[in-house]
Protein chains: 2
Amino acid sequence: MKKLPGKTVERLSKYRRALLYSFKSGKEHIFSHEIAELLHITSVQVRRDLMLIGYTGTLRKGYDIKELIDKIGIILDTQSGQKVAVIGLGNLGRAFIRYFSGKRTKLSIVAAFDVNPEKINTVYEGVPCYDSERISEIVIREKISIAILTVPVDESNRTADILIRSGIKGILNYTSKALNVPQDVYLEEYDMVTSLEKVAYFAKQ
Amino acid sequence: MKKLPGKTVERLSKYRRALLYSFKSGKEHIFSHEIAELLHITSVQVRRDLMLIGYTGTLRKGYDIKELIDKIGIILDTQSGQKVAVIGLGNLGRAFIRYFSGKRTKLSIVAAFDVNPEKINTVYEGVPCYDSERISEIVIREKISIAILTVPVDESNRTADILIRSGIKGILNYTSKALNVPQDVYLEEYDMVTSLEKVAYFAKQ
DNA sequence: TATCCATTGTTAAGCGATTAACAATGTTAA
DNA sequence: TTAACATTGTTAATCGCTTAACAATGGATA
């Protein structure tokens with residue numbers, strides 16, 4: 001299937017979580033305007049997104065929640081799952097591991113890396129922490145395709161280069177430096193300080 | 001001044017950080033294409049953003065770094081500064097406090113809140129942690145205008161309501177639930193799971 | 001002095017995403 | 001049986017942001 005718009009992909013992820021929640025509470029069908037309410041968006045947008053992934057509802061009952069969850073899974077997930085590594089086991093790295101621990105999804109965090117000897121060879125929430133020197137070895141061995149980068153900013157480019165040479169396919173960069181990656185590596189950047197400064201700007205009346 | 005586009009505000013925050021870094025290393029002037037390189041964007045976009053804030057460079061020397069930093073400060077900051085609270089002193093809350101500790105900016109994190117008795121009345125990186133029961137009291141007393149919300153998802157709406165009733169002006173929401181806020185409260189949402197799922201989607205070739 | 005040229009500032013075009021509009025559909029109610 | 005209606009799926013319009021295009025500028029160079 002042709003690549004979907006980034007914004008649609010983000011919403012599909014949110015639809016799925018909201019739908020799982022509704023399904024667990026016993027609901028079987030849902031209308032576009034109900035999904036829209038859950039996410040605080042419009043029903044048109046929901047229908048447009050579902051049109052893009054080719055899922056069709058029924059006229060008076062809306063969408064079959066179970067079917068739609070499965071359909072979104074076909075779009076977002078890979079059959080065999082994808083392995084994720086957290087680079088930098090600081091607060092942010094641990095936050096990620098916490099969010100994912102226990103959730104059995106097609107994304108699994110299988111390794112963390114740090115330079116701190118006190119963290120190396122420990123296990124956090126079931127995820128082993130290795131010496132950062134071993135990134136390349138383990139990424140290749142474990143076929144890890146996604147990295148969450150939460151290292152100090154002056155290490156970010158060097159670390160990204162190692163990941164790229166080890167065949168990583170996507171990087172989620174939380175360091176405040178724009179990374180250089182080749183075209184075939186997907187890069188998503190998020191800057192906590194910028195987010196807070198943005199809120200501060202719009203919060204002053 | 002008229003409100004700037006959100007994307008421009010985000011970039012201004014990044015320009016400032018990059019410019020501060022350049023200034024510290026002794027540089028005094030900079031061209032639009034040099035700023036663009038630092039952020040991996042185009043020089044046109046830089047010039048357009050600077051046009052929007054009304055800053056004018058010189059033709060052959062480019063922009064005066066010191067002046068531009070000050071100009072961005074006038075746009076983004078308030079004269080007296082803004083106070084920030086972290087609600088939920090988990091990994092993510094601590095990550096935020098860490099990022100900001102030591103940096104003397106117009107944004108200062110002055111309080112954290114948690115329900116865990118072991119955290120209440122401790123101090124993390126200079127930031128005192130209070131009982132979540134006291135959010136309203138302290139937000140009002142300290143004139144805190146911005147909240148970073150990192151509580152468990154089932155507490156998010158209740159907590160947001162307390163913040164709103166206490167006169168908060170902006171909320172940065174890291175819980176995975178869309179919040180209901182009145183028009184005069186600025187809301188920025190970020191979902192770590194969605195970000196990772198987006199990377200995963202675009203990383204599968 | 002006159003010409004060249006890199007750079008800025010700004011207008012216009014293009015693009016991607018959201019929103020509006022509406023035909024199609026089939027269930028419900030008269 | 002027919003009319004009313006809520007809802008879906010899709011096309012068209014709109015909006016906001018990015019990118020392209022280019023005139024204006026004034027220092028450097030011949």
Side-chain angles (χ1 to χ4, degrees), chain A residues 1-15 19 22 27-65 67-68 71-72 75 178 186-189 194 198 201-202, chain B residues 1-15 19 22 27-65 67-68 71-72 75 178 186-189 194 198 201-202:
Chain A
M1 173 180 289
K2 202 166 154 294
K3 280 290 178 221
L4 299 165
K7 290 293 171 67
T8 293
V9 172
E10 288 177 19
R11 283 190 297 267
L12 287 173
S13 162
K14 292 174 185 179
Y15 296 159
L19 291 168
S22 293
K27 210 167 156 67
E28 289 189 358
H29 292 86
I30 195 165
F31 297 121
S32 61
H33 66 261
E34 291 179 296
I35 299 178
E37 266 168 48
L38 293 171
L39 274 76
H40 297 176
I41 59 177
T42 67
S43 65
V44 188
Q45 191 150 63
V46 174
R47 291 201 301 278
R48 212 173 193 302
D49 286 335
L50 299 190
M51 185 191 85
L52 290 176
I53 65 170
Y55 183 73
T56 292
T58 52
L59 205 42
R60 299 294 278 208
K61 290 196 291 184
Y63 304 96
D64 181 300
I65 294 183
E67 269 182 27
L68 181 48
K71 179 71 180 182
I72 294 175
I75 303 291
Y186 181 80
L187 175 64
E188 174 88 6
E189 313 211 275
T194 287
K198 184 182 179 190
Y201 173 79
F202 287 107
Chain B
M1 173 180 291
K2 202 167 154 294
K3 281 289 178 222
L4 299 166
K7 289 295 171 67
T8 294
V9 172
E10 289 177 19
R11 283 190 295 267
L12 287 173
S13 162
K14 292 174 185 180
Y15 296 159
L19 290 168
S22 293
K27 209 167 155 67
E28 289 189 359
H29 291 85
I30 195 166
F31 296 121
S32 61
H33 66 261
E34 291 178 297
I35 299 178
E37 266 167 48
L38 294 171
L39 273 76
H40 296 176
I41 58 176
T42 67
S43 64
V44 188
Q45 191 150 62
V46 174
R47 291 201 301 278
R48 212 173 192 303
D49 287 334
L50 299 190
M51 184 191 86
L52 290 176
I53 66 170
Y55 182 73
T56 292
T58 51
L59 206 42
R60 298 295 277 207
K61 289 196 292 185
Y63 305 96
D64 182 301
I65 294 182
E67 269 182 27
L68 182 48
K71 180 71 181 183
I72 294 175
I75 303 289
Y186 180 80
L187 175 63
E188 175 89 7
E189 312 211 277
T194 287
K198 184 181 178 192
Y201 173 78
F202 287 107

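Just so we're clear, the structure is a prediction, and the values are computed from it rather than from any experiment. Throughout, a chain's letter reflects where its sequence line sits, starting with A, and its residues are numbered from 1. FYI, side chains are in, hydrogens and waters are out, and symmetry mates aren't considered; it's all heavy atoms of this structure.
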Going by the rule side-chain hydrogen bond (donor to acceptor under 3.5 Å, both in side chains), which residues pair with [X] if we only count those two or more places apart in sequence or in a different chain?
X	value
A:Ser43	A:Arg47
A:Lys61	none
A:Glu34	A:Lys27
B:Lys198	A:Glu10, A:Glu188

With sequence neighbours excluded, residues passing side chain to side chain contact (heavy atoms under 4.5 Å, CB included) with [X]:
X	value
A:Leu38	A:Ala18, A:Ser22, A:Ile30
B:Glu67	B:Tyr55, B:Asp64
A:Ser13	A:Leu76, B:Thr194, B:Glu197
B:Arg11	B:Lys7, B:Thr8, B:Tyr15, B:Ile41, B:Gln45, B:Asp49

For C:dT7, take OP1 and OP2 only and decide whether either is under 4.0 Å from a side-chain N or O of B:Thr58.
no
Checking all strands, does A:Thr8 fall into the base, sugar-phosphate, or nothing category for heavy-atom contacts under 4.0 angstrom?
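Nothing: the residue A:Thr8, judged by heavy atoms under 4.0 Å, touches no strand.
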Roughly how bent is the helix from C:dT1-D:dA30 to C:dA30-D:dT1 end to end, in steps of 10 degrees, with each end axis from five pairs?
10°
Report the residues that fulfil ring-ring contact (aromatic ring centres under 6.0 Å, His included) with A:His40, sequence neighbours left out, ordered by chain and then residue number.
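A:His40 satisfies ring-ring contact (aromatic ring centres under 6.0 Å, His included) with no other residue.
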Contacting residues from residues 30-46 of chain B, given that a heavy atom lies under 4.0 angstrom of DNA chain D
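Under 4.0 Å from DNA chain D: B:Thr42, B:Val44, B:Gln45.
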Walk along nucleotides 22-30 of chain C from 5' to 3' and tag each nucleotide B, S or - by protein heavy-atom contact under 4.0 Å, base first, then sugar-phosphate.
---BBS---
Check: A:Arg48 side chain, C:dT19 base, donor-acceptor under 3.5 Å
yes
